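From a predicted model like this one, the values you see are computed outputs, not experimental measurements. So that the names make sense, note that chain A is the first sequence line, chain B the second, and so on, each numbered from 1.
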2 protein chains.
Amino acid sequence: MIQPEILCQSPIFRGISPNDLQELFRQIHYQVKTYQKNDLITMAGDVCDRLLIIQEGSVKAEMTDYSGKTIKIEDMAAPWPLATAFLFGKENRFPVTVSATSDVEMVSIPKPEFVKMLQLNALILNNYLNTISSRAQFLSQKLKFLSFKTIKQKIAHYLLEKAGDRLQTVEVQQSQGQLAEMFGVTRPSLARTLGEMVQEGLIETDRRFIKILDKNRMNQLLMG
Amino acid sequence: MIQPEILCQSPIFRGISPNDLQELFRQIHYQVKTYQKNDLITMAGDVCDRLLIIQEGSVKAEMTDYSGKTIKIEDMAAPWPLATAFLFGKENRFPVTVSATSDVEMVSIPKPEFVKMLQLNALILNNYLNTISSRAQFLSQKLKFLSFKTIKQKIAHYLLEKAGDRLQTVEVQQSQGQLAEMFGVTRPSLARTLGEMVQEGLIETDRRFIKILDKNRMNQLLMG
DNA sequence: TTTGTAATGTAACGAATGTTACAAACTGAA
DNA sequence: TTCAGTTTGTAACATTCGTTACATTACAAA
């Protein structure tokens with residue numbers, strides 16, 4: 001029923017041979033459920049007490065707002081695991097409604113069985129811990145970035161991070177537009193702020209190359 | 001050397017009896033290190049390849065900015081674990097410099113040994129997974145909150161979340177000032193916006209009680 | 001070279017929010 | 001009650017940023 005060659009491509013089972021994976025699944029209880037296109041797989045608010053991995057097909061995650069309208073959040077396809085961040089932790093309910101966008105095969109492992117799996121295989125344990133930890137780290141970085149209120153601060157943080165120790169010209173790979181989107185601001189606002197920083201003697205710009213002229217004053221911007 | 005009665009208060013060892021914990025520690029390699037006040041414990045950038053738990057005393061975490069100045073981030077005391085989010089994941093380096101603010105005893109468990117521990121004891125495994133997952137969930141919530149640009153949106157989201165299904169008066173436990181801090185805005189701005197929403201017929205306010213009058217229009221605010 | 005398209009610089013205006021200041025209302029203790 | 005401290009309402013002004021529009025520059029294909 002399970003397809004080890006597919007599942008071992010999943011971030012959780014990465015590095016495990018299909019044979020070992022097959023053997024592992026023999027030691028635990030699990031289900032393989034099939035869904036047809038447009039079938040509901042989980043509802044927002046459902047308790048998340050089992051690990052779900054897409055073995056075949058693709059699904060979409062939607063969120064219902066308070067007035068009942070649905071907004072698509074994400075598309076996922078095999079061999080991806082669903083909602084790994086909500087299997088453990090305080091708030092272990094699905095935040096989204098998941099439904100099939102094609103015929104789907106889903107491997108469902110009850111939480112206690114998955115815990116057993118983690119104990120049986122150190123590689124899976126590491127993979128899973130890495131998955132959640134990386135997510136937390138990613139979110140933490142993103143949050144730190146958003147904590148800078150002004151565009152000037154965001155630019156300063158970005159450039160100082162990118163420059164590291166060296167007092168050199170930084171090459172920005174992205175266009176102004178992409179940079180603006182990353183900062184969550186509009187393109188003209190970014191351009192204006194860059195212009196202001198040039199006038200203030202903080203930086204020099206030449207197309208995609210930016211030179212930091214006054215590291216100390218840049219830092220002071222980040223303090224407020 | 002280790003003090004099981006203290007360590008089992010730690011979120012990671014919660015629910016384990018001191019005896020069981022003692023027995024567990026017998027099966028793995030670990031160190032107990034002592035530091036004097038003001039000693040450096042870890043430097044920002046150090047590879048985080050061991051779990052550190054404060055067994056006695058207190059420490060502070062500081063971050064060095066790009067110009068070399070240090071900013072205090074956090075204070076921690078026994079029996080708290082350090083940097084649980086950085087033991088696994090892609091970026092497993094300490095983001096902060098940790099130093100002792102009193103005489104400190106620190107239990108140091110190498111990562112492979114801690115993994116062994118997780119495999120030996122399902123409760124510790126659950127505790128650790130819960131710790132990281134809760135953190136990711138917390139950050140995710142915070143991030144979602146910050147994604148609302150205007151104060152009106154933040155208020156709407158907060159109230160709708162708090163109200164749930166019922167169309168009732170919501171009691172806000174916090175003062176306007178605390179609420180403002182939570183939203184990352186200033187108190188007068190929050191008060192002004194609340195006033196505007198009253199005038200627009202969206203809500204009614206009476207001290208710490210807020211009544212939602214028009215749920216649909218509140219939702220439309222969140223769409224933009 | 002010419003030409004079209006994308007990227008960039010710039011300006012004017014308006015909306016949202018911060019800043020500062022002060023008055024009114026509430027709260028709890030003397 | 002009275003009074004001090006806290007919370008809340010409100011106003012004027014400054015700042016930041018988004019919006020829109022347009023000119024300029026770079027770049028690559030014809």
### Query
Where the side chain of A/Arg187 is concerned, which of C/dA21, D/dA21, D/dT7 is the nearest nucleotide?
D/dA21

### Message
In this structure, how many angstroms lie between the P atom of D/dC17 and the NZ atom of B/Lys149, rounded?
### Response
11 Å

### Query
Looking at the side chain of B/Ile151, which of C/dT8, D/dC17, C/dT17 is the nearest nucleotide?
C/dT17

### Query
Within this structure, what is the CD1-to-P distance between B/Ile155 and C/dA16, rounded to whole angstrom?
13 Å

### Query
If you check the B/Ala191 side chain, which of D/dC17, D/dT10, C/dT17 turns out closest?
D/dT10

#### Entry: Nearest-Å distance for atom pair CZ/P, residues A/Phe183 and D/dT16
17 Å

### Query
Is there a donor-acceptor contact under 3.5 Å from the side chain of A/Thr101 to the main chain of A/Ser58?
yes

### Message
So, does A/Ser189 get its side chain near the phosphate of D/dC17, meaning an N or O under 4.0 Å from OP1 or OP2?
### Response
no

### Query
A/Thr205 side chain: which of D/dT7, C/dG9, C/dC13 is closest?
C/dG9

### Message
If I take atom CZ in residue B/Arg192 and atom P in nucleotide C/dT19, what distance separates them, rounded to the nearest angstrom?
### Response
11 Å

### Query
So what's C/dG14 paired with, Watson-Crick or G-U wobble, going by both distances under 3.5 Å?
D/dC17

### Message
Taking the nucleotide of DNA chain C with the nearest heavy atom to each, does B/Thr193 or A/Gly177 sit closer to the 5' end?
### Response
A/Gly177

### Task
Return yes if some donor-acceptor pair links the side-chain N/O of A/Glu161 with the main-chain N/O of A/His157 below 3.5 Å, else return no.
no

### Task
Using atom CZ of A/Arg208 as one end and atom P of D/dT25 as the other, report the distance to the nearest whole Å.
19 Å

### Task
Using atom CG of B/Leu190 as one end and atom C1' of D/dT10 as the other, report the distance to the nearest whole Å.
14 Å

## Note on the structure
With A/Met197 as partner, the option from A/Asp214, A/Leu202, A/Ile212, A/Leu213 fulfilling side-chain contact (heavy atoms from CB on, under 4.5 Å) is A/Leu202

### Neighbour count above 12 (heavy atom, 6.0 Å) for B/Met182 CE
yes

#### Entry: Minimum-distance nucleotide to A/Pro188 side chain [options: D/dG18, C/dA7, D/dA21]
D/dA21

#### Entry: Whole-Å distance separating the CD atom of B/Gln176 from the C1' atom of C/dT27
16 Å

### Query
Are A/Glu200 and A/Lys152 ion-paired here, with the side-chain N under 4.0 Å from a carboxylate O?
yes

### Query
Relative to the 5' end of DNA chain D, which residue comes earlier, A/Gly184 or B/Ser175, by the nucleotide with the nearest heavy atom?
B/Ser175

### Query
B/Lys152 has an atom NZ; how far is it from atom P of C/dA16, in whole Å?
7 Å

